[in-house]
Amino acid sequence: MSADRQTITVYSDYVCPFCYLGRQSLSQYQENRDEELAIDWRPFDLRSQKRRPDGTIDHSVDDGKDDEYFEQAKQNVRRLADDYGVEMDLDIAEDVDSLPAQIVSYYLREHHDYETWLAFDEAVFAALWEDGEDIGEADLLAELAVDAGAEADEVRSALDDETLRETVRERFTEAQREGITGVPTFAYDGYAARGAVPPEQLERLVEGT
């Protein structure tokens, strides 16, 4: 990533449909810019309260999200998908664990160029929300990483790296310390917008217009 390139910070979790929709909104805003903003991606774990010490998800934990909550969320997803002209295979991915994808994404961001990371990042979103695939599967993540320009062995090593896993979980905690309580959150020059906000709101965030 060029040091003088403008960047927008985006806190997100791949398993969040509003994060996918928010990125669609960002893409639509970017179409009207002379130069695209680079994305400074920050991982966030929506399932943090349900994780066991070994990192697996305990779906029996009550997180306050009942059937009514999910039905309302689905309605909001469908509405925004229509607004942004996006076709989605899923409304909500309740049983998918995004932690493996976030670990690989973080590794690629740290060890490859921006374009490789971005290609992988966009492919993960598409695999889940457009194709309905399980982004918690190592084989799928390896395939997506290879398509982006990385090596399959890197992915498997990253997923087996306990130090890297702990680093990513520390990034989740760091986001919470920074006041991030939900995703997506877009941050630019000390200001922030939360949710899958429309392109016009992202334009106001960045350009103050």
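Here the side chain of S157 pairs a donor or acceptor atom with the backbone of D153 at under 3.5 angstrom. Judged purely by atom type and a 3.5 angstrom limit, E203 has no side-chain atom pairing as donor or acceptor with the backbone of Y29. Panel note: side chain R5, backbone E36; a donor-acceptor pair is recorded below 3.5 Å. In terms of modelled atom types and a separation under 3.5 Å, the side chain of D13 and the main chain of L46 share a donor-acceptor contact. Between the side chain of W129 and the main chain of A93, no donor-acceptor pair closer than 3.5 Å is present. Not a single donor-acceptor pair under 3.5 Å links the side chain of R169 to the backbone N or O of S48. Distance alone, capped at 3.5 Å, is enough to place a donor-acceptor pair between the R165 side chain and the L159 backbone. At distances below 3.5 Å, at least one donor-acceptor pair connects side-chain atoms of S25 with backbone N or O atoms of V197.
Annotation: side chain of L90 is in contact with side chain of L128 (closest heavy-atom distance under 4.5 Å). F120 has its side chain out of reach of H112: every pair of non-hydrogen atoms, C-beta onward, lies at least 4.5 Å apart. Contact annotation: the side chain of P17 never approaches that of D91 to less than 4.5 Å [non-hydrogen atoms, C-beta and beyond]. The shortest distance between side-chain heavy atoms of R47 and L99 does not fall below 4.5 Å. Residues V77 and F18 have side chains in contact (heavy-atom distance under 4.5 Å, counting atoms from C-beta outward). Counting heavy atoms from C-beta outward, Y106 and W41 have side chains that approach closer than 4.5 Å.
In this model, a donor atom of one side chain and an acceptor atom of the other lie less than 3.5 Å apart for T181 and R194. Judged purely by distance below 3.5 Å, without hydrogens or angles, the side chains of R171 and Q102 never pair a donor atom with an acceptor atom.
Between L80 atom CG and Y20 atom OH the span is 12.5 Å, to the nearest 0.5 Å. The CZ atom of F44 lies 7.5 Å from the OG1 atom of T185; values are rounded to the nearest 0.5 Å. Once rounded to the nearest 0.5 Å, the distance linking CZ of F172 with CZ of R51 reads 6.5 Å. L141 contributes atom CG, which lies 13.5 Å from atom CD of E154 (distance to the nearest 0.5 angstrom). Rounding to the nearest 0.5 angstrom, the gap separating the CG atom in D40 from the OH atom in Y188 is 12.5 Å. Between the CG atom of L202 and the CZ atom of R33 there is a distance of 11.0 Å, given to the nearest 0.5 Å.
Heavy atoms only, all atoms of each residue included: E130 and E87 are closest at CG-O, 4.1 Å. A pairwise comparison of heavy atoms in L21 and A196 identifies CB-CB, 4.0 Å as the closest pair. Closest approach of L108 and A150 over heavy atoms only: CD2-CB, 3.7 Å. The shortest heavy-atom contact between I92 and K74 is CG1-CG, 3.5 Å. Between P184 and C16 the shortest heavy-atom distance is CD-SG, 4.4 Å. Residue V155 comes nearest to A145 through the heavy atom pair CG2-CB, 3.3 Å, listed as atom of the first residue, atom of the second, then distance.
Side-chain rings of Y114 and W117 approach one another, their centers coming within less than 6.0 Å.
Around CD of E151, the count of heavy atoms belonging to other residues, nucleotides or ligands within 6.0 Å does not exceed 12. Within 6.0 Å of the OH atom in Y191, the count of heavy atoms belonging to other residues, nucleotides or ligands does not exceed 12. Other residues, nucleotides and ligands contribute over 12 non-hydrogen atoms within 6.0 Å of the CG atom of D54. Within 6.0 Å of the CD atom in E94, the count of heavy atoms belonging to other residues, nucleotides or ligands exceeds 12. Heavy-atom contacts from other residues, nucleotides or ligands closer than 6.0 Å to CD of E68 number 12 or fewer. The 12-atom threshold is not exceeded at CD of Q49, counting heavy atoms of other residues, nucleotides or ligands nearer than 6.0 Å.
Follow the hydrophobic side-chain contacts under 4.5 Å out from I8 and you reach Y84 in the same cluster. Cluster membership for V86 and V124, using ILVMFWY side-chain heavy atoms within less than 4.5 angstrom, is shared.
Classification of R79 and D83 as a salt-bridged pair holds, one side-chain N sitting under 4.0 Å from a carboxylate O. Ion pairing of R156 with D139 is present here, as a side-chain N (NZ or NE/NH1/NH2) and a carboxylate O approach within less than 4.0 Å.
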Evaluate the side chain to side chain contact (heavy atoms under 4.5 Å, CB included) criterion for residues F186 and Q201: first the C-alpha distance (whole Å), next the side-chain angles of each, then the deciding distance (0.1 Å), finally the verdict.
CA-CA 10 Å; F186 300 90; Q201 190 168 339; over 6 Å; no

